Number of protein chains: 2
Amino acid sequence: MKVTLIGAGNLATSLALALKEAKCIIPQIYSRTTESAETLARLVNSEPINHFSMLSDDADVYIISIKDIALEEVIPEVCKNRDDKVFLHTAGTMSVNCFEGWTTHYGVFYPMQTFSRERRVKFKEIPVFLEYSDDIARKRVDELARKLTNKVYYLSSEDRKYLHLSAVWACNFVNHCYDIASDILSAHDIPFSVLLPLIDETARKVHSLTPREAQTGPAVRFDENVIEKQVKLMNENAMEAQLYQLLSESIHEKHKKEK
Amino acid sequence: MKVTLIGAGNLATSLALALKEAKCIIPQIYSRTTESAETLARLVNSEPINHFSMLSDDADVYIISIKDIALEEVIPEVCKNRDDKVFLHTAGTMSVNCFEGWTTHYGVFYPMQTFSRERRVKFKEIPVFLEYSDDIARKRVDELARKLTNKVYYLSSEDRKYLHLSAVWACNFVNHCYDIASDILSAHDIPFSVLLPLIDETARKVHSLTPREAQTGPAVRFDENVIEKQVKLMNENAMEAQLYQLLSESIHEKHKKEK
């Protein structure tokens, strides 16, 4: 299968490497930034391009992996006069319908993972959520997904929005809590690495308990003594102190309802 | 070494099991609730007690592992007329000085982990933070800690407060983010298990990148389009919508400063 990539960001980079490993050919990689296209193209034996006039018809599938806000502008450029091809986007929050009116065979290929250029991920373990416009798109996107991962799901655009939202909580907001913890420790010359066993166990726990069952700490015990002291310790940063308070209240709310 | 436990909660339970595994004798286990004391005592061949008048002098070390707010009341009861013994508490936010005036040899034994009764943890991998009043206490608490874990640290009460605060961020608040994600998914009949590869990778990432470097998602890209849509999706729960907004702003703040 020949797959051309539109975009050369974190997700596109991981996808390109996985495609190469799955023996797919990547005829071209487009990026607005010449350097990004060139860096990634070199890694996967592809041709870098930085203008849509250079886009060839040489692929079976075109995967558009760019900022949500740019999709609307890019889709017409990529799809124009390629009605026999299949077009996919990778955006969690964008509907499959954003292709409507521009081409015939299209779909969504949403891999739910956090991608950083500095880290190789095992694509085989990443759940991918698919959607399609018609039977031709369905066959292509299904075949492609099964080459890359063992975890293939189908999900509507409406449900995918909520899935993406849950991923922001379980990944980006979680990581931000790590970040605040890291700042607190470094202000007291304590290495972040002392937190790693706790971070790992917190993640492992929700493999066998629900997060509700797994909760511990001052907020769930409603230990006002500790909560009050800790809010005071956060006082150097007003926004983070407010977050501490609100998160504690929210934990207490959820667990009060349970009882 | 003979170690009597005051308290039979989540931490005390894990500690009792680890003490047993390390071949320590646990003469008695105290809990206000008879049943809790009995359940735990049965597991580790100890004598359950529910009143301080039953406390024997048969231990070398007494570890007090109860709610912070109760420490002040319990310490005099436990320490009274036992000036040759060593007394420890396990509370992150309480100073070692809370023993002052009540006895001579005392210290802190703070294992930083999330303990739930339903889960056995490998105590050997848990970092334990120690403090002591004098040389006799130092020898005892050091010997005890090295029996139970490979990760022994010394930390002042002042720094330990911040360590505990960082643990609340890296564990309790993180777990609460998992919990909110879980609620979002279950409202759309999507199993929580689809999030596990993302949760695991988010935790693994901070073993090799700083949390600042590891951050991805709409807030760090300042993708207002996605942020605005997602705040709307959160609207059923006003407190959680506010948390979403505040967390996104806080991520943006931290990354703006970096640039």
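We use all heavy atoms of the structure for the numbers below, so side chains are in, but hydrogens, waters and symmetry mates are not. Just so you know, these numbers come straight off a predicted model, no measurement behind them. Lettering follows sequence order; numbering is per chain, from 1.
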For [X], is it the side chain, the backbone, both, or neither that has a heavy atom closer than 4.5 Å to a heavy atom of chain B?
{"X": "T210(A)", "answer": "neither"}
{"X": "D183(A)", "answer": "side chain"}
{"X": "I69(A)", "answer": "both"}
{"X": "E224(A)", "answer": "neither"}
{"X": "Y244(A)", "answer": "both"}
{"X": "L246(A)", "answer": "both"}
{"X": "V168(A)", "answer": "side chain"}
{"X": "E158(A)", "answer": "neither"}
{"X": "Q113(A)", "answer": "both"}

Given P218(B), which partner from the list N225(B), V226(B), I251(B) fulfils the side-chain contact (heavy atoms from CB on, under 4.5 Å) test?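 Testing P218(B) for a side-chain contact (heavy atoms from CB on, under 4.5 Å) against N225(B), V226(B), I251(B) leaves exactly one candidate, V226(B).
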
Does [X] come within less than 4.0 Å of [Y], counting only side-chain N to carboxylate O?
{"X": "E125(B)", "Y": "K151(B)", "result": "no"}
{"X": "E201(A)", "Y": "R119(B)", "result": "yes"}
{"X": "K254(A)", "Y": "E240(B)", "result": "yes"}

Considering only heavy atoms and a distance below 4.5 Å, find which of [options] pairs most often with chain B.
{"options": "R204(A), Q215(A), E213(A), K67(A)", "value": "Q215(A)"}
{"options": "D159(A), I199(A), I180(A)", "value": "I180(A)"}
{"options": "D200(A), D223(A), L155(A)", "value": "D200(A)"}
{"options": "C171(A), P127(A), S193(A)", "value": "C171(A)"}
{"options": "K122(A), Q242(A), E118(A)", "value": "Q242(A)"}

As an exercise: rank [options] by heavy-atom pairs under 4.5 Å with chain A and give me the winner.
{"options": "D189(B), V121(B), V194(B)", "answer": "V194(B)"}
{"options": "P197(B), A187(B), S182(B)", "answer": "P197(B)"}
{"options": "I190(B), N10(B), I126(B)", "answer": "I190(B)"}
{"options": "A91(B), A167(B), C177(B), G217(B)", "answer": "C177(B)"}
{"options": "A219(B), S208(B), S250(B)", "answer": "S250(B)"}
{"options": "L243(B), N172(B), I184(B)", "answer": "N172(B)"}

Mutual orientation of the aromatic rings belonging to H164(B) and Y110(B) [parallel < 30°, tilted 30-60°, perpendicular > 60°]: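 Aromatic pair H164(B)/Y110(B) classed perpendicular.
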
Do W169(B) and V174(B) have side-chain heavy atoms sitting under 4.5 Å apart?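 A side-chain contact is absent here, since even the closest heavy-atom pair is not under 4.5 Å.
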
Quick check: do F129(B) and V108(B) have side-chain heavy atoms less than 4.5 Å from each other?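 Answer no - side chains too far apart.
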
Is the ring centre of H255(B) less than 6.0 Å from the ring centre of F222(B)?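 Not close enough - the centres of the two rings lie 6.0 Å or further apart.
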
Compute the centroid of each ring, for Y178(A) and then for F192(A), and state whether the two points are separated by less than 6.0 Å.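 Here the rings of F192(A) and Y178(A) have centres that are no less than 6.0 Å from each other.
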
Hey, are [Y] and [X] close enough side-chain-wise for a donor-acceptor pair under 3.5 Å?
{"X": "T114(B)", "Y": "T216(A)", "value": "yes"}
{"X": "D142(B)", "Y": "Y132(B)", "value": "no"}
{"X": "R160(B)", "Y": "S157(B)", "value": "yes"}

Distance from R117(A) atom CZ to S14(A) atom OG, nearest 0.5 Å?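 Between atom CZ of R117(A) and atom OG of S14(A) there are 9.5 Å.
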
Interchain contact, L209(B) with chain A, by part (heavy-atom threshold 4.5 Å):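 Interface part for L209(B): side chain.
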
